[in-house]
Amino acid sequence: MRIEDYALIGDCETGALIGRDGSIDWLCWPRFDSGACFAALLGNPEHGRWRIAPVGVVTQVERRYRGDSLILETTFVTESGKVTVVDFMPPVGTQSELVRMVVGVEGEVAMHVELILRFAYGAIVPWVTKVDGEGSGGLRAIAGPDMVVLRGDVPLHGENLTSVGDFTVHAGETCSFVLSWRPSHKPVPDPVDANTALRETEEYWRQWASRCTYDGEFREPVLRSLLTLKALTYGPTGGLVAAPTTSLPEEIGGVRNWDYRLCWLRDATLTLVALMDAGYYDEARAWRDWLLRAAAGSPDQVQIMYGLAGERRLLEWEVPWLPGYEGSHPVRIGNAAHGQLQLDVFGEVIDALHQARRGHMPESEDAWQLERALVAHLERLCTTPDQGIWEVRGHPQHFTHSKVMIWVALDRVIRSAELCHLEGPMERWRALRRQLHEEICAKAYDPTVGSFMQAYGSKEVDASLLLLPLVGFLPATDERIRGTVRAVEERLFVDGFVYRYDSALTDDGLPPGEGAFLACTFWLCDNYLLQGRHAEARKLFDRLLAIRNDVGLLAEEYHPGSRRQVGNFPQAFSHVALVSTAFNIQRAERRAAPRRTGTR
């Protein structure tokens, strides 16, 4: 199926992708970054899936989330009746479960269950036995460290290393299944009542959604994006994964396939601001604290990404037995970019901590000392080329965005010191901030093009340049910024969407070809707002809302030609950008500046 044909359910520790055909094709247990026990998304059914669907011809499929929750309802219409499959993962409790309830709506519908468990990304067939002391339907699957137990109202039997079963649901009837994970050396998990779990899960999400303070006209997409961000948060630590998937391609059949089940420092400020704007200070504080723990230590060892609990060793390897989504290989686990030098992340960390102070978040005793150490490290590195925001695997360059984010780091420590009366070498910081601003304007701006360029001496335009006015480097009305927006529109704005850069002209170490980057398109919308081009901003924002799938989810990229979402899904950065732009539209109507422009 297309990427947008999937929907996400999760318990704030891991997440599953469910297709419109009733098949769970992706689930990593017990964490987002664990090995997948259902990996059909990147291969074939034999690599693991759990499908519950009608036996006969399906004439119509409708999906929705139940209210403001992560409870998915998929309704199948057949010639003999109508049935709804309710899927969710309870975010409360001591063990991790996936619950599926089949509810008869009209007439009667013959259903088929197919459970194919394959641990370690589809490589390992588990040993399946009946659960001791259970009635029909209780199965236990074990392989190595993993144990999964199925309890249900329908007995299953084995066929060709697959557990299958058939049943008929009449109107008013419900058949339930509960799949539980536990370490294989532990006792079998306790039975779970599906109806109780459903009530508790619905109440959890209802209460969480009720805390949203956004009151604008885009409440539905904003709240759905916030719910998605919450679902992508690893609850025990507060870390936010970029996506619950790995290796969904940025171009169908291409090699730009990356593991996004990790936490990027670059997402720090936008995520923090989006959560604070919407009133979710507990989540914002958890993310801030995760950030402080992850970045703690020697500044020269700060990475651009970490594991869910701050793990640093994220070695990249390929999975040869998985053919990849629609043949897009290799399938990668881990991410080699964790060892790159990307100077912009220092600015993101320091800006996030500054925004936390502006949001009156309780001060961390370690934050200021960490910021001073990071800035001292940046003072030694500010003349060094890096791999930049897009993590290019080509040669390092003096990327304009990276230099601007070094300026942001200096600007924010100065502003924080002034705001909170903190100690630091203010004169030296001010002098370097001024010097760096002058250098960027001299070396990154091309007067013949009338635009800032991708890197010092480059002739290419980069969508990251749209962030210059959003971080307060120059006003959006400055002619150099206006010229930069025009250059992005002329070179990177294709069929109504913005590409990161021209992959055929930029040395990023990979073959050319990818989709339009959705966050960049939201940034263009933000620039329109700052320039007073409100009608164009609204038109572009409406276009972005229109490409969300039927349950409101966005991938990393969109391919205008094939009209398909591409890249890992759902993507936190895309949903953070959606929330940010919705708030910026609201601020523009009130003639207020975006929070991140650096104004005190």
Side-chain angles (χ1 to χ4, degrees), residues 1-2 4-11 15-25 27 38 49-91 97-115 135-137 150-156 163-179 191-206 209 220 223-224 227 231 548-553:
M1 291 178 292
R2 292 188 173 214
E4 57 266 38
D5 285 335
Y6 287 94
L8 173 72
I9 62 172
D11 60 2
L17 291 189
I18 305 175
R20 289 176 59 85
D21 63 346
S23 179
I24 299 177
D25 287 350
L27 172 61
F38 299 139
R49 73 174 186 179
W50 184 13
R51 186 166 187 253
I52 301 178
V55 174
V57 176
V58 175
T59 59
Q60 186 178 349
V61 179
E62 296 179 353
R63 298 190 301 176
R64 69 182 183 100
Y65 284 113
R66 177 178 292 190
D68 297 327
S69 78
L70 223 68
I71 300 168
L72 180 70
E73 298 180 340
T74 304
T75 299
F76 298 98
V77 180
T78 71
E79 294 179 351
S80 62
K82 181 188 295 187
V83 65
T84 296
V85 179
V86 181
D87 293 306
F88 61 97
M89 299 184 73
E97 290 103 16
L98 196 163
V99 182
R100 312 197 73 180
M101 304 174 70
V102 184
V103 182
V105 180
E106 295 177 4
E108 62 177 35
V109 180
M111 303 291 292
H112 181 70
V113 183
E114 177 191 65
L115 176 64
S136 61
L150 173 71
R151 292 182 173 93
D153 296 332
V154 176
L156 304 186
S163 299
V164 298
D166 293 284
F167 62 104
T168 298
V169 176
H170 298 83
E173 294 181 343
T174 298
C175 291
S176 299
F177 303 85
V178 179
L179 197 67
V192 171
D193 181 75
N195 289 306
T196 300
L198 178 61
R199 288 194 301 271
E200 292 177 348
T201 301
E202 187 170 8
E203 179 63 14
Y204 174 90
W205 289 112
R206 188 196 65 77
E220 181 274 322
L223 187 51
R224 178 50 54 191
L227 287 161
R548 296 180 304 148
N549 74 355
D550 56 329
V551 289
L553 302 181

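Among residues two or more places apart in sequence or in another chain, the salt bridge (charged side-chain N to carboxylate O under 4.0 Å, His left out) test is passed with D21 by R51. Legend: residues meeting salt bridge (charged side-chain N to carboxylate O under 4.0 Å, His left out) with E97, ordered by chain and number and at least two apart, are absent. With sequence neighbours left out, E79 forms a salt bridge (charged side-chain N to carboxylate O under 4.0 Å, His left out) with no residue at all. Under the rule for a side chain to side chain contact (heavy atoms under 4.5 Å, CB included), the partners of H112 that lie at least two apart in sequence or sit in another chain are V55, E114, V164, D166. Qualifying side chain to side chain contact (heavy atoms under 4.5 Å, CB included) partners for V103, counting only residues two or more places apart in sequence or in other chains: V86, T174. Contacts of E106 classified as salt bridge (charged side-chain N to carboxylate O under 4.0 Å, His left out), with partners at least two apart in sequence or in another chain: K82.
Atom CG of L223 and atom CG of D68 lie 4.5 Å apart (nearest 0.5 Å). Here R66 contributes atom CZ and T84 contributes atom OG1; the two are 9.5 Å apart, rounded to the nearest 0.5 Å. The CD atom of E4 sits 9.5 Å away from the CG atom of D550 when rounded to the nearest 0.5 Å. In this structure, W205 CH2 and L227 CG are separated by 6.0 Å, a value rounded to the nearest 0.5 Å. I24 CD1 to I18 CD1: the interatomic distance, rounded to the nearest 0.5 Å, is 4.5 Å. Once rounded to the nearest 0.5 Å, the distance linking CG of L70 with CG of D11 reads 10.0 Å.
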side-chain contact (heavy atoms from CB on, under 4.5 Å) between F177 and V102, intermediate numbers included = CA-CA 9 Å; F177 303 85; V102 184; 4.3 Å; yes

Are L72 and Y65 close enough, and set up right, to give a side-chain contact (heavy atoms from CB on, under 4.5 Å), and what steps lead you there?
-> CA-CA 5 Å; L72 180 70; Y65 284 113; 4.2 Å; yes

Would you sort out whether V83 and T78 count as a side-chain contact (heavy atoms from CB on, under 4.5 Å), showing the intermediate values?
-> CA-CA 8 Å; V83 65; T78 71; 5.8 Å; no

E173/D153 under side-chain contact (heavy atoms from CB on, under 4.5 Å): CA gap, chis, key distance, verdict = CA-CA 11 Å; E173 294 181 343; D153 296 332; over 6 Å; no

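Proximity of F38 to L115: side-chain heavy atoms (C-beta onward) are separated by under 4.5 Å at one or more points. By the 4.5 Å heavy-atom criterion applied to side chains, V178 and P191 are not counted as neighbours. Side-chain contact check for W50 versus R100: some heavy-atom pair is nearer than 4.5 Å. In this structure the side chain of P91 reaches within 4.5 angstrom of the side chain of T201, judged on heavy atoms. Residues R20 and V58 are not in side-chain contact: their nearest non-hydrogen atoms beyond the backbone lie 4.5 Å or more apart. Proximity of L17 to D25: side-chain heavy atoms (C-beta onward) are nowhere separated by under 4.5 Å. With a 4.5 Å cut-off on side-chain heavy atoms, Y6 and L553 do not count as touching. Side-chain contact between P90 and V99 is present, with heavy atoms from C-beta onward closer than 4.5 Å.
A salt bridge links E203 with R206: at least one charged nitrogen is closer than 4.0 Å to a carboxylate oxygen.
A donor-acceptor pair under 3.5 Å is formed between the side chain of R63 and the backbone N or O of D5. The backbone N or O of S69 lies less than 3.5 Å from a partner atom in the side chain of R224, making a donor-acceptor pair.
When all heavy atoms are compared, the tightest approach of L27 to A16 is CD1-CB, 4.0 Å. Of all heavy-atom pairs spanning S80 and E108, the tightest one is OG-O, 2.7 Å. For the pair I52 and M111, the tightest heavy-atom approach, listed with the atom from each and the gap, is CG2-CE, 3.9 Å.
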